[in-house]
Every structure is written in structure tokens, then in C-alpha cells.
Amino acid sequence: MIKKTKKMKVYKFGGTSVGTPQRMGEVARIINDNQSKIVVLSAMSGTTNALVDISSLCYRRENAEARQKTDALFSHYTKVIDTLFTSEKEKDNALGVVSGFFSEIKNCITDDFSPQDEKKILSYGELISTHLFHFYLRENGIKSTLLPALDFMRTDRMGEPDMYYIAKNLNTLLSEHIDETLFITQGYICLNNYGEVDNLCRGGSDYTATIIGASIGASEVQIWTDIDGLHNNDPRVVDGTSPVARLSYSEAEELAYFGAKILHPLCIIPAHNAGVPVWLKNTMNPASDWTLICSDGGSGGVKAIAARDGNIAIKIQSARMIMAYGFLRRIFEIFERYRTPIDMITTSEVAVSLTIDDVTNLSHIVDELREFGTVSVDKDMTIVSVVGHEIASDERSMDIFAALKGHQVRMISYGGSSNNISILIPSESKKAVLGSLSSHLFK
Ligand code: ASP
Ligand code: MG
């Protein structure tokens with residue numbers, strides 16, 4: 001049994017929340033509230049994308065361009081440092097640390113650039129933002145302790161967070177600083193099972209925050225972004241969406257997995273397992289509480305709609321399925337062998353339709369499926385998920401079908417969970433379908 005350290009909160013700030021010196025100042029004000037906490041930071045906005053670009057140049061052996069892009073990013077940071085700090089002493093110190101990180105990035109730019117070098121390069125965004133923020137707090141008289149994420153955050157053989165290792169190491173680290181109340185750490189980055197630098201995939205800082213929250217038995221996790229919580233439909237696609245006040249863990253898990261961009265797809269799971277409530281908050285509007293995600297999702301009925309692009313629908317049609325057993329198992333085994341997760345599935349007596357979003361082994365999968373019957377593949381599909389508590393028993397859910405009138409629907413799935421009705425549509429009709437669902441369901 002792992003001994004939990006004293007009750008703390010976890011606050012996570014995304015890239016835009018720490019995207020400029022001025023925004024960092026606002027984050028400093030938000031966290032300076034005398035409550036014991038771990039602050040998880042993303043890289044400053046734009047940085048991870050720039051590091052991804054640098055890595056792509058390295059893969060193409062365009063090393064001169066990669067170095068140029070690295071210099072441009074460094075020069076951006078010299079300006080950030082100049083504005084963020086007042087004293088020459090802190091400026092010099094920050095410049096020293098950040099130029100050290102940039103030399104390490106440059107050391108990775110070689111002719112035998114590997115995925116391992118890429119992972120290393122990607123880790124510097126969070127290393128830079130957390131060091132700058134820690135120095136900024138120090139210059140402003142706020143005492144904080146930097147916890148290196150690579151000292152406790154680790155994934156296992158399956159690439160999943162090694163919760164036992166993380167809790168053990170993090171709680172040990174915290175117990176070495178028993179009198180401290182403010183800790184800063186990097187989101188996103190971790191070590192893998194081999195002890196190499198790795199990450200929790202794009203947007204992974206949310207996941208870091210909830211993994212930490214679960215590991216220390218936090219009283220709550222606050223995820224701070226630049227929008228008023230989770231909206232009832234995708235605000236980038238549909239006008240007039242509004243924030244949802246409350247969601248259950250299961251509802252939030254489905255929304256995050258099926259496209260609600262505000263959250264990393266897996267980040268609710270650790271909070272759910274440990275029963276740690278998650279608040280979504282807005283740095284632009286710090287006084288308001290927006291979405292609360294906890295065991296009690298409040299009211300029933302439809303809560304929100306999310307959409308996820310980039311899905312492929314595969315249909316296997318075969319008269320051999322009639323009255324046969326073991327058929328689905330053999331189909332699923334093919335996907336298992338190629339380590340390709342299936343998201344949606346519907347069956348009839350003579351056909352199975354399912355969706356995947358990982359196309360790495362699509363051609364091999366299709367070749368093997370052909371042994372069972374006729375296989376057809378539809379690309380550019382969007383999964384639209386309508387999420388709520390016991391939504392099929394809610395009368396208003398039937399409005400979903402009215403909303404879909406006149407639109408092409410490839411699959412509908414209900415019953416796998418009582419929280420979700422998923423609809424597969426061609427991506428080109430996403431805007432129209434989401435708009436129609438909003439006007440029918442949230443009038
Ligand atoms: N910096 C990483 C990204 O841009 C992780 C995060 O922001 O959550 O994906
Ligand atoms: Mg994010």
C-alpha cells in the first residue's frame with residue numbers, strides 16, 4: 001500500500017495559459033492562494049509544434065534548416081526572457097538554463113536522427129516552460145519547488161502509465177519536501193519502460209495532471225484552459241454552444257475519447273479510478289467554475305456532443321456468418337494481431353461494420369479480412385457521439401433521429417454504454433450534422 005502524502009490539489013495550465021510572459025504572470029496570481037498544490041505546465045503555445053517541425057526536418061536530413069529553426073525558436077525565448085524578468089540576475093540565469101536546453105536540442109540534430117532523438121527534442125518545451133515559471137515565481141518572492149517529471153513519471157511495457165511506480169516515486173519525492181506547499185512539474189513528458197525519454201502523446205499534460213492527482217490522492221484536479229469549460233458541442237464548428245456545468249466521469253471519458261478537444265482522450269480514467277474530481281477552468285475568466293467532472297453527473301438526458309474525424313469504416317459481408325459462431329472472434333483476432341483498436345461496431349446477420357482510426361496496418365488487415373467475404377472500406381468518416389446519462393431512456397434523445405433527417409448515416413451504435421449514442425457520418429457533412437443536432441437537442 002502506498003502512503004499518500006498530505007491532501008493537495010493539482011492545477012494544470014495549458015500552452016496558451018502560459019503562452020506569453022503576461023499570461024505567465026496571470027498564472028502566478030492564480031496559483032498564489034496559499035493552498036498546497038502541484039502545478040503541471042504545458043510547453044508555451046507553439047513550442048511543441050515547432051519542436052515537431054524541427055524533428056521532421058531532421059528525419060528528412062535537412063539538418064541546416066533544422067538548426068535554423070532551432071535558432072529562431074531560441075531567439076523567440078530570448079525575447080520572452082527579456083520581458084518576463086526584471087532583474088539582470090534572473091535574466092542571466094534564465095538565459096543560461098534555456099541556452100543549455102537549446103544546445104542539447106542541437107546535439108540531437110545529426111545524420112543518424114532516431115525516434116529517440118525526436119522524443120528528447122519534444123521534451124524541451126515543458127522543461128523550458130517550467131524552469132522559466134519557477135524562476136519567475138522566485139523573482140516575485142513566491143517559493144516553489146521544481147519536481148522533475150522524469151524522476152517519477154513512467155510508462156510500462158504497454159505504454160500505459162505505471163501507476164505503482166509513479167505513486168511510489170512521486171510520494172517519496174514529496175516526502176523529501178514535507179514543509180513545501182508549491183510544486184511545479186512538467187506535463188506530457190515521461191520515461192518509457194526502458195528508461196528512455198518519452199511522452200504521453202499530444203495534449204498529454206492533462207493526463208499528467210490526473211495521473212498525479214490519482215497518485216497523491218489529491219482533493220481535486222483543476223485543468224485550466226482558455227475556454228469556459230467543456231461545451232455542449234464543438235465550439236470550433238457550431239455557433240452558440242454553451243458550457244456544461246457537470247458531467248459524470250463516464251460521460252467525460254466518452255466525450256474526451258470521442259473528440260472533445262479540451263481534454264486528452266484518456267485523461268479522465270486515472271481521476272475516475274481514484275475518485276478525484278476534475279474541474280475545468282478558464283484562465284481568462286478565473287473567478288468562474290465551469291465544468292465539474294465527478295462521480296455524480298447531476299441531471300439525466302443529453303449533455304454534450306463531440307465529434308472525432310479521421311475514422312475508417314470497414315464492412316465485412318459474408319453469407320458464412322449466418323448461424324455461424326466464432327466468426328467475430330476470428331475477425332477481432334486480426335485487429336488484435338495488428339494492435340489496432342476498434343472504436344465502433346455494428347452487426348447484422350450477414351455483415352459486420354466497424355471503425356478504426358489507426359491506418360498503419362490497414363492494407364494487411366483488409367487482406368486478411370478478405371478471407372471471410374467481401375470487404376469494403378470508407379475513409380474520411382467522422383464519429384459523432386451524443387453523450388448523457390441514460391440517454392436512451394430520455395425522451396428528448398429521440399430528437400437525434402429527427403436531427404439526422406436528410407443526412408447520410410453510415411453506422412449508429414447504442415447500447416454499448418448507456419451514456420452514448422454514436423453516429424458515423426462522412427466528414428464532409430460534420431458541420432451540418434453537428435449544427436442540426438445542437439438545434440434539435442439544445443433548443
Ligand atoms: N506540449 C504538449 C502538446 O502541445 C503537451 C500539452 O500541451 O498538453 O501537445
Ligand atoms: Mg490540451
Side-chain angles (χ1 to χ4, degrees), residues 10-20 23-24 27 38-56 69-70 73 76-77 80 98 101 105 115 118-133 148-150 153 155 159 161 184-192 197-213 221-231 234-236 243 252-253 255-271 278-284 290-291 293 306-308 310:
V10 180
Y11 288 26
K12 177 259 165 176
F13 294 89
T16 359
S17 303
V18 290
T20 60
R23 302 231 56 83
M24 278 207 188
V27 171
I38 300 181
V39 175
V40 176
L41 299 185
S42 291
M44 293 179 82
S45 53
T47 299
T48 308
N49 285 344
L51 296 171
V52 167
D53 291 347
I54 291 167
S55 304
S56 312
K69 199 150 176 118
T70 310
L73 190 61
H76 166 73
Y77 273 103
V80 168
V98 170
F101 288 142
I105 294 178
E118 177 182 17
K119 300 278 175 58
K120 251 165 106 177
I121 288 188
L122 293 181
S123 72
Y124 287 105
E126 272 70 11
L127 286 167
I128 295 171
S129 65
T130 46
H131 278 80
L132 289 180
F133 189 64
L150 300 184
M153 196 51 84
T155 52
I184 316 289
T185 194
Q186 297 84 30
Y188 177 60
I189 65 174
C190 62
L191 294 182
N192 63 20
V197 176
D198 210 326
N199 59 62
L200 300 170
C201 299
R202 295 304 304 270
S205 301
D206 299 338
Y207 205 15
T208 303
T210 55
I211 292 168
I212 290 180
V221 172
Q222 299 183 4
I223 295 186
W224 289 79
T225 63
D226 54 353
I227 171 169
D228 285 340
L230 191 143
H231 279 226
D234 190 335
R236 293 162 307 170
E253 271 159 11
L255 288 163
Y257 188 72
F258 285 112
K261 272 278 150 358
I262 189 172
L263 291 171
H264 178 280
L266 305 177
C267 78
I268 297 303
I269 300 167
V278 178
W279 288 96
L280 307 184
K281 302 221 181 198
N282 184 356
T283 26
M284 312 284 178
W290 292 101
T291 311
I293 300 163
R308 197 180 76 185

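Remember, it's 1-based here, ligands and their atoms both numbered in the order they're listed. Counting begins at 1 with the first residue of the sequence. Since this is a predicted model, take the numbers as computed values, not measurements.
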Can you name the residues that form a side-chain hydrogen bond (donor to acceptor under 3.5 Å, both in side chains) with [X], not counting sequence neighbours?
X	answer
Thr283	Ser17
Ser45	none
Asp234	Arg236

Parallel, tilted or perpendicular: rings of Phe101 and Tyr124 (30°, 60°): tilted
- line: Expected contact list for ligand 1 at under 4.0 angstrom, heavy-atom basis, is Ser42, Ala43, Thr48, Glu126, Tyr188, Arg202, Gly203, Gly204, Ser205
message: Among Asp228, Asn282, Thr225, which residue satisfies the side chain to side chain donor-acceptor pair (under 3.5 Å) criterion with Trp290?
response: Asp228
task: For Met24 and Phe13, run side-chain contact (heavy atoms from CB on, under 4.5 Å): C-alpha distance rounded to whole Å, both residues' side-chain angles, the deciding distance at 0.1 Å, then the answer.
output: CA-CA 10 Å; Met24 278 207 188; Phe13 294 89; over 6 Å; no
